[in-house]
Amino acid sequence: MSATIHPLQDQVAIVTGAGRGIGESIARHFVESGARVAVVSRSEENSSKVAAALEAIRPGSARAYAVDVADFDAVQKVGEQIAADFGRADILINNAGITRDNLLMRMSSEEWDAVLDTNLKGAFNFVRSVLRIMIKQRSGRIINISSVSGLMGLAGQTNYAASKAGMIGLTKALAKEVASRGITVNVVAPGFIETDMTAVLNDEIRKGALAQIPLFRFGQPEDIASTVAFLCSPAAGYITGQVLAVDGGMSM
Ligand code: NDP
């Protein structure tokens with residue numbers, strides 16, 4: 001009997017916001033596809049819990065890191081630690097994100113800054129911490145997790161929509177900068193996915209969202225994980241600078 005060849009065998013992946021929700025699902029999918037994963041979240045508790053669960057699937061497959069992605073210096077240190085622990089970095093998934101919804105008329109400067117600093121600057125911070133390694137390797141895959149909100153603009157989310165649209169601009173510019181080094185950079189833009197982030201929304205908002213989804217159901221974290229894994233696989237090697245909406249048709 002021949003041994004199973006996994007699509008991401010021996011790849012090292014960094015997944016931010018992997019302590020819960022979509023990030024946790026991406027990290028699990030990667031481990032099940034043969035990769036080793038740096039599980040990054042804000043809280044030590046969540047990153048350790050997920051890393052322990054992944055270690056139970058395959059020993060040696062995961063390590064936990066706790067850092068605020070908005071903190072440039074702290075992220076550079078974590079990037080160095082990950083490089084020392086794993087010896088390489090093949091895949092970066094910028095998934096950590098928050099919402100602080102409010103109408104712009106009422107939005108505080110703190111609500112604006114928290115969302116931009118975490119979602120957009122956090123992605124910059126992590127790219128900055130690992131890009132040198134990918135350039136040296138002359139290969140790499142970077143996926144930025146944006147949102148339908150960044151494509152369509154949703155009322156009450158000017159801060160969030162701006163951060164998520166910003167990730168698309170960052171992606172396209174970076175894709176052009178690093179293509180010659182064998183590094184691809186793409187965006188996955190989820191629609192309404194069932195996680196802690198959407199569990200706080202009331203029934204009226206959920207009904208309104210469902211009415212806008214042609215496939216007439218909410219997505220699951222695995223819907224995003226399988227798309228991300230495809231974009232990181234050898235089959236997607238000729239795709240860069242693209243935005244792939246995984247939203248049941250919501251943004252078409
Ligand atoms: P969750 O709220 O379920 O999880 C968010 C994760 O991000 C957690 O692991 C959290 O860490 C981490 N995180 C948040 N802030 C920071 C920070 N400052 N530094 C480090 N880690 C941080 O979110 P989802 O899984 O729903 O969302 C994941 C991504 O997908 C986000 O970028 C979100 O904007 C995007 N998205 C989600 C959609 C949805 O419908 N759910 C739709 C479109 C996009 P900890 O666990 O330690 O608290």
Side-chain angles (χ1 to χ4, degrees), residues 14-29 37-51 53 64-75 77-79 82 92-101 110 113-126 129 143-154 157 159-168 170-171 187-201 205-206 208-210 212-213 217-225 227-228 243-248 250-251:
I14 301 163
V15 184
T16 73
R20 291 180 278 142
I22 292 170
E24 178 180 7
S25 184
I26 294 169
R28 179 178 297 271
H29 195 112
V37 178
V39 176
V40 181
S41 83
R42 189 171 29 192
S43 77
E44 176 116 45
E45 190 191 346
N46 287 354
S47 56
S48 298
K49 202 169 61 192
V50 170
Y65 303 86
V67 70
D68 178 355
V69 295
D71 181 337
F72 181 83
D73 293 335
V75 169
K77 279 202 193 114
V78 165
I82 291 171
L92 169 63
I93 312 300
N94 282 311
N95 165 79
I98 58 167
T99 50
R100 293 283 184 276
D101 294 356
E110 288 75 23
D113 287 346
V115 169
L116 269 291
D117 286 353
T118 302
N119 300 4
L120 184 54
K121 187 169 178 231
F124 162 74
N125 290 343
F126 252 97
S129 79
I143 312 284
N144 294 317
I145 305 298
S146 175
S147 165
V148 282
S149 189
L151 297 172
M152 306 166 67
L154 300 180
Q157 293 199 318
N159 51 357
Y160 185 75
S163 73
K164 294 300 187 179
M167 292 176 91
I168 295 173
L170 181 159
T171 298
V187 164
V188 170
F192 194 116
I193 309 298
E194 301 224 66
T195 67
D196 292 349
M197 187 178 269
T198 45
V200 297
L201 301 173
I205 294 179
R206 292 172 75 86
L210 195 57
Q212 291 181 57
I213 303 170
R217 64 176 174 83
F218 297 134
Q220 298 301 316
E222 177 56 26
D223 291 316
I224 307 305
T227 305
V228 166
V243 180
L244 189 41
V246 182
D247 62 1
M250 189 175 179
S251 65

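Not measured: the values here are computed from a predicted model. Whatever order the structure lists them in is the order used to number ligands and atoms, beginning at 1. In what follows, every heavy atom counts, from backbone to side chain, and hydrogens, waters and symmetry copies are set aside.
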Would you say the side-chain atoms of S41 pair up with the backbone N or O of N46, donor to acceptor, closer than 3.5 Å? no
To check your reading of the model: name the closest protein heavy atom to [atom], its residue, and the distance in Å.
| atom | result |
| --- | --- |
| atom 18 (N) of ligand 1 | D68 OD1, 2.9 Å |
| atom 42 (C) of ligand 1 | G191 O, 2.7 Å |
| atom 34 (O) of ligand 1 | Y160 OH, 2.5 Å |
| atom 44 (C) of ligand 1 | S146 O, 3.2 Å |
| atom 21 (N) of ligand 1 | R42 N, 3.2 Å |
| atom 27 (O) of ligand 1 | I22 CD1, 3.9 Å |
| atom 7 (O) of ligand 1 | G17 CA, 3.3 Å |
| atom 48 (O) of ligand 1 | R20 NH2, 2.9 Å |

Do [X] and ligand 1 have an N or O pair less than 3.5 Å apart?
| X | value |
| --- | --- |
| S43 | yes |
| F192 | no |
| V69 | yes |

Lys/Arg N to Asp/Glu carboxylate O, R42 vs D68, below 4.0 Å: no
Would R217 and E194 pass as an ion pair if we require N to O under 4.0 Å? no
Pick one of side chain, backbone, both or neither for how [X] approaches ligand 1, counting any non-hydrogen atom pair under 4.0 Å.
| X | answer |
| --- | --- |
| E194 | neither |
| T195 | side chain |
| I98 | side chain |
| S149 | neither |

Give the atom numbers and elements of ligand 1 that come within less than 4.0 Å of a heavy atom of G97. 5 (C), 7 (O), 14 (C), 31 (C), 32 (O)
Do other residues, nucleotides or ligands put more than 12 heavy atoms under 6.0 Å from E45 CD? no
Of V75, N95, V15, which has the heavy atom at the shortest distance from atom 32 (O) of ligand 1? N95
Atom 39 (C) of ligand 1: which of N46, V67, I193 has the nearest heavy atom? I193
